[in-house]
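Here the structure is laid out as structure tokens; the discussion comes afterwards.
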Amino acid sequence: MPELPEVETTRLGILPHVTTKRFKHIEIRQHQLRWPVPAELPDLLSNATLHEITRRGKYLLFNTEAGTMLLHLGMSGNLRITQADCTVGKHDHIDFVFDDGTVLRFNDQRRFGAVLWTTAPDTHPLLAELGPEPLSADFNVTYLYKRLNNRQVPLKSAIMDAKIVVGVGNIYANEALFHAGLNPNRAAGTLSEQECLVLIDSIQSVLRQAIQQGGTTLRDFLNAQGKPGYFQQSLSVYGRQGLACPVCSEPVRHVKIGQRASYYCPRCQS
DNA sequence: CTACGAACCTGCCTGC
DNA sequence: TGCAGGCAGGTTCGTA
């Protein structure tokens, strides 16, 4: 489900309901996520004040004076604001209950998500090696051209590599490459500086637009209020195999790249 | 170091 | 109708 726009939509949605509040208690119904949820998490969090929620790539960082909870939504995770008396659903794995009764509920059907604890987020193994934020000034031509240099992997795999740039998942990688007019199968190292510039522009505008539209809902993404996103209406190639390219009407092609579904226009993307 | 496949888990859709 | 197989928005890990 969630790529950067969905994670950011979630962050912005829950932020006003929980920051500056105090964790009262934490109910863990399912410890078995991507990694086991630390058994001591309730003790660590209870009575701590949630100062802010930040984001690094697709990780949400819940910062308290006691330490930081790292939360990843995986493929199917979502966070919702609810009330203590609200019916618990099948995959509602964790409730974070605040002192005023507000409940932040983590639901994750496939359990690829993660909830971890750290007192040193900057050096945490999951975060330390991450590439720059795609919407930051650090993601620029000089950087990208250098990082792609000599790489033989398909361009699409490269932009989905979190060590190169964070937050670009399968949907937006397909969309960004289409808007950049670049073939997803091209060896990453063959891009010119000019093409890197166009690619950066495309990635940024696709992500910005998706955030603005509340993310993409294909089957199950819901924001903190339980509402879907609308960016799926703006998808040019993703999931549109055989349908006309919005620019030249050539049928959109569907191939596998690095085991991931990939879509592109054979005429527009070279 | 790079590249690739498998693994984690559930549910839905397709085709036999 | 039933069931096996494939597929899904992510990421780490092991192996060549």
Side-chain angles (χ1 to χ4, degrees), chain A residues 1-10 29-37 55-60 70-79 89-94 106-116 124-131 134 146-177 184-190 203 206-207 210-211 213-223 228-235 237-242 254-263:
Chain A
M1 172 219 336
E3 299 185 35
L4 189 148
E6 290 74 32
V7 176
E8 184 65 6
T9 297
T10 299
R29 302 183 192 88
Q30 171 62 269
H31 278 82
Q32 220 48 56
L33 301 181
R34 178 77 162 81
W35 296 282
V37 179
R55 182 184 57 71
R56 182 72 179 93
K58 296 172 192 165
Y59 289 91
L60 289 173
L70 296 183
L71 191 150
H72 196 290
L73 297 172
M75 291 271 260
S76 56
N78 70 316
L79 284 168
K90 187 163 183 198
H91 301 292
D92 289 337
H93 302 317
I94 306 179
F106 176 68
N107 175 290
D108 184 8
Q109 175 191 283
R110 292 175 68 186
R111 287 197 264 139
F112 283 7
V115 175
L116 298 168
H124 191 281
L126 291 172
L127 305 181
E129 309 293 317
L130 294 179
K146 205 167 169 182
R147 277 312 294 264
L148 297 185
N149 189 35
N150 285 331
R151 296 288 302 261
Q152 292 305 302
V153 279
L155 181 55
K156 175 161 176 275
S157 304
I159 63 172
M160 290 179 68
D161 181 348
K163 288 184 178 142
I164 294 178
V165 59
V166 296
V168 183
N170 201 31
I171 294 179
Y172 301 117
N174 280 300
E175 292 300 303
L177 288 169
N185 256 318
R186 219 171 115 178
T190 66
I203 290 173
V206 164
L207 292 178
I211 292 170
Q213 296 183 38
T216 300
T217 299
L218 293 185
R219 45 186 64 82
D220 53 14
F221 172 71
L222 300 175
N223 67 18
Y230 293 98
F231 191 74
Q232 65 276 14
Q233 296 167 7
S234 308
L235 296 176
V237 287
Y238 184 87
R240 299 178 49 83
Q241 67 270 29
H254 176 50
V255 294
K256 280 239 175 231
I257 300 175
Q259 301 155 259
R260 307 301 299 273
S262 307
Y263 307 85

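Numbered from 1 within each chain, the chains take letters A, B, ... in sequence-line order.
The side-chain ring of A:Phe112 is not stacked on the base of B:dC9, judged by centre separation under 5.5 angstrom and plane angle under 30 degrees.
On a pure distance criterion of 3.5 Å, no polar donor-acceptor pair joins the side chain of A:Arg111 and the base of B:dC9.
Distances shorter than 4.0 Å separate some side-chain N or O of A:Arg260 from OP1 or OP2 on C:dG9. Dashed line: the shortest gap from a side-chain N or O of A:His72 to OP1 or OP2 of C:dT11 is under 4.0 Å. In this structure, A:Tyr59 does not reach the C:dG10 phosphate: none of its side-chain N or O atoms is under 4.0 Å from OP1 or OP2. Within the 4.0 Å cut-off from OP1 or OP2 of B:dG11, at least one side-chain nitrogen or oxygen of A:Lys90 is found.
The closest donor-acceptor contact from the side chain of A:Arg34 to the backbone of A:Arg111 lies at 3.5 Å or more, if one exists at all. Without hydrogens or angle criteria, A:Glu6 side chain to A:Thr216 main chain gives a donor-acceptor distance under 3.5 Å. Side-chain N or O atoms of A:His72 include none that pairs as donor or acceptor with a backbone N or O of A:Val115 at under 3.5 Å.
With P as the reference atom, B:dG5 and C:dC7 are 14 Å apart, rounded to whole Å. Only the C1' atoms considered, C:dC3 is 24 Å distant from B:dC8, to the nearest whole Å. Taking the C1' atom of each, C:dG9 and B:dA3 are spaced 23 Å apart, rounded to whole Å.
Between the CG atom of A:Asp108 and the P atom of C:dT11 there is a distance of 13 Å, given to the nearest Å. At whole-Å resolution of the value, CG in A:Asn78 and P in B:dT10 are 17 Å apart. A:Gln109 places its CD atom 14 Å from the C1' atom of B:dC8, with the value rounded to the nearest Å. Per the geometry, CD belonging to A:Gln32 stands 17 Å off P belonging to B:dA7, to the nearest Å. The nearest whole Å value for the distance from the CD atom in A:Glu129 to the C1' atom in B:dC1 is 14 Å. Remark: P of B:dC8 and CE of A:Met75 are 15 Å apart, rounded to the nearest angstrom. Atom CG of A:Asp161 is separated from atom P of C:dG10 by 13 Å (rounded to the nearest Å). If you measure from atom CD of A:Gln241 to atom P of B:dT14, you get 12 Å, rounded to the nearest angstrom.
The pair A:Lys58-A:Glu3 does not meet the salt-bridge criterion, since no charged nitrogen lies less than 4.0 angstrom from a carboxylate oxygen.
Contacts of A:Phe231 with the nucleic acid, taken as non-hydrogen atoms under 4.0 Å apart, are absent. Here A:Leu126 lies in heavy-atom contact (under 4.0 Å) with sugar-phosphate atoms only. Nucleic acid contact class of A:Ala261 (heavy atoms, under 4.0 Å, all strands): sugar-phosphate only.
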Give the intermediate values and the outcome of side-chain contact (heavy atoms from CB on, under 4.5 Å) for residues A:Ile171 and A:Leu235.
CA-CA 9 Å; A:Ile171 294 179; A:Leu235 296 176; 3.7 Å; yes
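Note that CG of A:Asp92 and CD of A:Gln109 are 12.0 Å apart. Values are rounded to the nearest 0.5 Å. Note that CD of A:Glu8 and CG of A:Leu60 are 8.5 Å apart. Values are rounded to the nearest 0.5 Å. Distance OG/A:Ser234 to CD/A:Gln213: 3.5 Å, rounded to 0.5 Å. Remark: A:Gln30 CD to A:Asn107 CG distance equals 11.5 Å, nearest 0.5 Å.
Along DNA chain C, the nucleotide nearest A:Lys256 and the nucleotide nearest A:Gly167 are compared for position; the residue whose nucleotide lies closer to the 5' end is A:Lys256. Positionally, the nearest nucleotide of DNA chain B for A:Arg34 lies more toward the 5' end than for the other of A:His91 and A:Arg34. Closest-nucleotide positions on DNA chain C for A:Pro125 and A:Arg110 were compared, and the one nearer the 5' end corresponds to A:Arg110.
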With 3.5 Å as the limit, what N/O pairs link the protein to nucleotides 2-6 of chain B?
from	atom 1	to	atom 2	distance (Å)
B:dA3	OP1	A:Gln152	N	2.7
B:dA3	OP1	A:Val153	N	3.0
B:dA3	OP2	A:Arg151	NE	2.9
B:dA3	OP2	A:Arg151	NH2	3.1
B:dG5	N7	A:Gln259	OE1	3.2

Determine which bases of DNA chain C form Watson-Crick or G-U wobble pairs with both distances under 3.5 Å, and write the result as a 5' to 3' dot-bracket string with | for other-strand partners.
.|||||||.|||||||
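In this structure, A:Tyr172 and A:Ile203 have side chains that are not in contact, with every pair of non-hydrogen atoms separated by 4.5 Å or more.
The aromatic ring centroids of A:Tyr238 and A:Phe231 lie 6.0 Å or more from each other.
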